[in-house]
Amino acid sequence: MEKYNPEELELKWQKIWEEKKLFEAKYEQEKKKFYILEMFPYTSAQIHMGHVRNYTIGDVVARYKAMNGYNILHPIGYDAFGLPAENAAIKQNIHPKEWTYKNIETIRRQLKRLGISYCWEREVITCDPEYYKWNQYFFLQFFKKGLVYKKQAPANWCPSCQTVLANEQVIDGKCWRCGEIVETKNLEQWFIKITEYAERLLDFSGIKNWPERVIIMQKNWIGKSEGCEIDFYIPQIGENLKVFTTRADTLFGVTYLVISPYHPFVGKIKEVSPVKNEIEKFIKKTTRTSLTVKDFLRVEKEGINTGIFAIHPITQEKIYVWIGNYVLMEYGTGAIMAVPAHDQRDFEFAQKYNLPVKIVIKNPEWKEIPEKLESAYEDKGIMINSGIFDGLDSEKGKEEIRKYLEKIGKGKKAVYYRLKDWCISRQRYWGTPIPIIYCKKCGIVPENEENLPVKLPDEVKITGKGESPLKYSEKFIKCKCPSCGNEAERETDTMDTFVDSSWYFLRYASKDLENKPFDKEEVNYWMPVDQYIGGIEHAILHLLYSRFFVKVLKDMGFVDFEEPFENLLCQGMVIKDGAKMSKSKGNVVDPEDMIRKYGADTLRLFILFAAPPEVDLEWSEKGIEGCWRFLNRIWRLHNEIKNYSEISDENNEKLKIMINKTIKGVTEDIEKEFQFNTAIAKMMEFINFLSKEINEKKVSKDILIDSWKKFIKILSPFTPHICEEMWNDFEKEKFLFRENWPSYEEIETFEEKINIGVQINGKIKGNIDIPANYDVEKIYNLLINNEKFKKFIINKKIVKKIYIPKKLINIVIED
RNA sequence: GCGAGGGUGGCGGAAUGGAAGACGCGCUGGACUUAGGAUCCAGUGGGGAAACCCGUGAGGGUUCAAAUCCCUCCCCUCGCACCA
């Protein structure tokens, strides 16, 4: 018998699969399709265990679905633009392109070595002009539709990466990539109007099965809030100050107004204010740009009374306008009505500056109205001190006050979102150039579609400091205006790499077209993605942008579907010693080392077996050895089976029951939320059972081989190489990938004897073998004649007999 | 603070109202062996000589039966957090 040599047989089958193009996806309209997609890797130096886990899970699904008769699309590509390539350029003095393509080669080799069933013919590399050309094309389509615009905006600036970050890339006031504290800086930048799609992005009805938390995160991110805009007239400047509130019911409790230091009224109010100098000082202090985002959040609430008043729209009272650092210009109208009695932030501010607190909502638990509040009462209640609205329930009051304001022309219903427009400008080299031209005569002019792609120049100096390296490339900047033909200059900003990943799954779905981003018919066949798998870290950004992109493309007639990803699985991290694997912690386990030692099948098996897909997986050297032993055991059994000869056939039924049970269990575990760990456990049980049977030789050879072939099939999505090798000993016609998943018979049809638990008053006392077709009374008769159990029952009053079929019997007695 | 998920042997984890701890790791004993870190067999939640008793973060409840359902509380992880 030959020793199990994974390296030899894995490389052999990988070569054969590739030569036969076994995994090449073919557009065949009449076949039912399954699009299985894993988030493509960023092209850093090599893959890590997280990738192995992601791609192995995907591969099991792909192979399982293929064996169930689906036409499979299982593509792979590379997220190849981005900052690290430039960092490498600075550090290692290597061109970003060279660095990226070198890494791609390594990653491709590593993925192939894992034996993942990818359709290599549809590879996408986002830094390839043939790909990013279509980023530019879509940008122009968005531009035509008015979904793209340029504006000066305070941007998040990472002093370490020397670049602008999108809001979403700022986590807790820090740069998402390097962790440096982010500052603000004003820059002219390009935005995409994702806010126009806020409402549609909140609609998840087109999604079948996503983790609930991902949907919640997206909803929070979009942050819809419904309320009311209310006008407060300021006589001294002759204009209405518009505030936004979700609590119109507290309108009678307003004791002051607060505007943001960035509010456009600040200047006008300052001019007429008696405390002009103090305002100036305050504004200077609160709008310092050097203040980091994080500091801004931590800063204590501060404000200044402008001495200017506004008129309450209903009571006509005079209400002073304050400027406060806790009011954000980026949200709502940049001005609020302060109701200290019913809003904790306003309450704190009012305490600090000794402002009046007026209770207008009565807590139903109060016996009487308190003189003083300890904190704001923010819940519902009954309206008081509110004129004609007194006595109304506050929820009802919201509506009534809004209607009243609408009637007198002082307010209207309003909806605001936290979601902001998507800033796609990056002051970097290694990204898609934004196809815009600045002409002295014509202004901002989009590049002609025929001139795409606007290619990145190869010769640039990358210093990592200051502005985009493209600013210094004359060859790149100089161009002709598409409109008037005069000398003009190109935009030097490049696109956020999230643009690249917002539609790559569409490019996969129709291969290598030169004249179109993708073929509509073929994309409509494959899409939406039936199962998407990736890390939770993309819960908001990538997934939201992709949903947005697809909705826009649908509106423009490019595609016929609304949602890109119907089902989503977020796999857990691979951790070691309780922490995420990282160089700094020195706890990294290199997948290639593991493959060298045990082979790809063992690595795959371990990573699938050690934990369910969605939870974190603790790496264990001992654990992978266990999987190595399991495959060796299978290898030995296979060789024994080939040379097997039986003594008798008395255990044939037992084996049939066991293999059917195993197929059923494995099938259900895969179907039910991808419980690969328990599926593997069931196959291990089968192997434990089969080893004994083979030793005893009491099953006939044909039944044994039949069961073994079925077993090889169900194991094959997990460890495809060893299975293919064993399969080849029996069947040379078809690859396992093209075989059918075995069906199973319900074991009830041939199981005659079963073992059930015996309980007395719900406490387990032992177990008993019974014929499968027995009912309660028959089992009870067995019990009263059984040495072990009769003592519990005889001479007792039997209250109840409960039989749970094939599980247990519970005899309830009176003591 | 709000929202979500979780707490089960020495460890990773099974069991979503029906025999708690499947499966794997580790450990103990044995077989084979010059040897074994290979392989095979047996055992392995705790207490007890045993009959039995106890046991799923803590406490209470529903039920013939609770890790699972309900109530109160504790702890851990993740996400959000001046969003008016």
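To find a chain, count down the sequence lines: A is the first, B the second, and so on, and within it residues start at 1. Please read all numbers here as calculations on a predicted model, not as lab measurements.
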Considering every strand shown, what is the Watson-Crick or G-U wobble mate of [N] when both distances are under 3.5 Å?
{"N": "B:C25", "answer": "B:G10"}
{"N": "B:G17", "answer": "none"}
{"N": "B:A35", "answer": "none"}
{"N": "B:G3", "answer": "B:C78"}
{"N": "B:C52", "answer": "B:G47"}
{"N": "B:G59", "answer": "B:C71"}

Looking at [options], which one has an atom nearest to any side-chain atom of [X]?
{"X": "A:Val812", "options": "B:C64, B:A84, B:A19", "result": "B:C64"}
{"X": "A:Ile804", "options": "B:A84, B:C64, B:G18", "result": "B:G18"}
{"X": "A:Arg418", "options": "B:A81, B:G3, B:A19", "result": "B:A81"}

Would you mind reading off the distance between [X] atom [atom1] and [N] atom [atom2], rounded to a whole angstrom?
{"X": "A:Glu614", "N": "B:C78", "atom1": "CD", "atom2": "C1'", "answer": "14 Å"}
{"X": "A:Leu605", "N": "B:C23", "atom1": "CG", "atom2": "C1'", "answer": "11 Å"}
{"X": "A:Glu621", "N": "B:G37", "atom1": "CD", "atom2": "P", "answer": "17 Å"}
{"X": "A:Glu685", "N": "B:C23", "atom1": "CD", "atom2": "C1'", "answer": "6 Å"}
{"X": "A:Leu419", "N": "B:C80", "atom1": "CG", "atom2": "C1'", "answer": "15 Å"}
{"X": "A:Lys580", "N": "B:U77", "atom1": "NZ", "atom2": "C1'", "answer": "15 Å"}
{"X": "A:Ile756", "N": "B:A65", "atom1": "CD1", "atom2": "C1'", "answer": "15 Å"}
{"X": "A:Leu541", "N": "B:G79", "atom1": "CG", "atom2": "P", "answer": "13 Å"}

Spacing of the [atom1] atoms in [M] and [N] (rounded, Å):
{"N": "B:C32", "M": "B:U39", "atom1": "C1'", "value": "8 Å"}
{"N": "B:A38", "M": "B:C25", "atom1": "P", "value": "11 Å"}
{"N": "B:C70", "M": "B:G18", "atom1": "P", "value": "15 Å"}
{"N": "B:A65", "M": "B:U77", "atom1": "P", "value": "37 Å"}
{"N": "B:U28", "M": "B:G37", "atom1": "P", "value": "11 Å"}
{"N": "B:C75", "M": "B:G48", "atom1": "P", "value": "34 Å"}
{"N": "B:C11", "M": "B:A4", "atom1": "C1'", "value": "27 Å"}
{"N": "B:C71", "M": "B:G79", "atom1": "C1'", "value": "27 Å"}

Taking only nitrogen or oxygen atoms into account, show me every contact under 3.5 Å that the protein makes with nucleotides 9-17 of chain B, one pair per line with its distance.
residue: B:G12; atom: O2'; partner: A:Ala610; partner atom: O; Å: 2.8
residue: B:G13; atom: O3'; partner: A:Asn677; partner atom: ND2; Å: 3.4
residue: B:A14; atom: OP1; partner: A:Asn677; partner atom: ND2; Å: 3.1

**Report entry** 5'-most by nearest nucleotide on RNA chain B - A:Lys765 or A:Arg213
**Finding:**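 In this pair, the answer is A:Arg213.
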**Report entry** Most 5' of A:Gly766 and A:Lys622 on RNA chain B, judged by nearest nucleotide
**Finding:** A:Gly766
Do the side chains of [X] and [Y] get close enough for a salt bridge, i.e. N-O under 4.0 angstrom?
{"X": "A:Lys796", "Y": "A:Glu814", "result": "no"}
{"X": "A:Glu621", "Y": "A:Lys597", "result": "yes"}
{"X": "A:Lys664", "Y": "A:Glu668", "result": "yes"}
{"X": "A:Asp231", "Y": "A:Lys242", "result": "yes"}
{"X": "A:Glu7", "Y": "A:Arg596", "result": "no"}
{"X": "A:Lys698", "Y": "A:Glu693", "result": "no"}
{"X": "A:Glu685", "Y": "A:Lys682", "result": "no"}
{"X": "A:Lys224", "Y": "A:Glu199", "result": "yes"}

Query - Under 3.5 Å donor-acceptor pair, A:Asn810 side-chain atoms to B:C64 base atoms - result: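 Indeed there is one.
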Report task. Report yes or no: is there a donor-acceptor pair, N or O only, under 3.5 Å between the side chain of A:Asn755 and the base of B:A19? Result -> yes
Query raised in the report: Which letters describe nucleotides 38-47 of chain B, given B = protein heavy atom under 4.0 Å from base, S = only from sugar-phosphate, - = neither?
Result: SSS-------
Query raised in the report: In terms of ring plane angle, is the pair A:Tyr377 and A:His342 parallel, tilted or perpendicular, where the classes change at 30° and 60°?
Result: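 A:Tyr377 and A:His342: perpendicular rings.
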Query raised in the report: Do the side chains of A:Val574 and A:Glu618 get nearer than 4.5 Å, heavy atoms only?
Result: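 No - every pair of side-chain heavy atoms lies 4.5 Å or more apart.
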Query raised in the report: Just wondering, are more than 12 heavy atoms of other shown residues or ligands nearer than 6.0 Å to NZ in A:Lys301?
Result: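 More than 12 within 6.0 Å, yes.
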Report task. Tell me what A:Gln344 touches on the nucleic acid: a base, only sugar-phosphate, or nothing, going by heavy atoms under 4.0 Å. Result -> nothing
Query raised in the report: Cut-off 3.5 Å, side chains only: do A:Asn325 and A:Thr286 have a donor facing an acceptor?
Result: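 Absent: no donor and acceptor within the cut-off.
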Report task. Based on the glycosidic angle (syn within 90° of 0, else anti), state the conformation of B:G61. Result -> anti
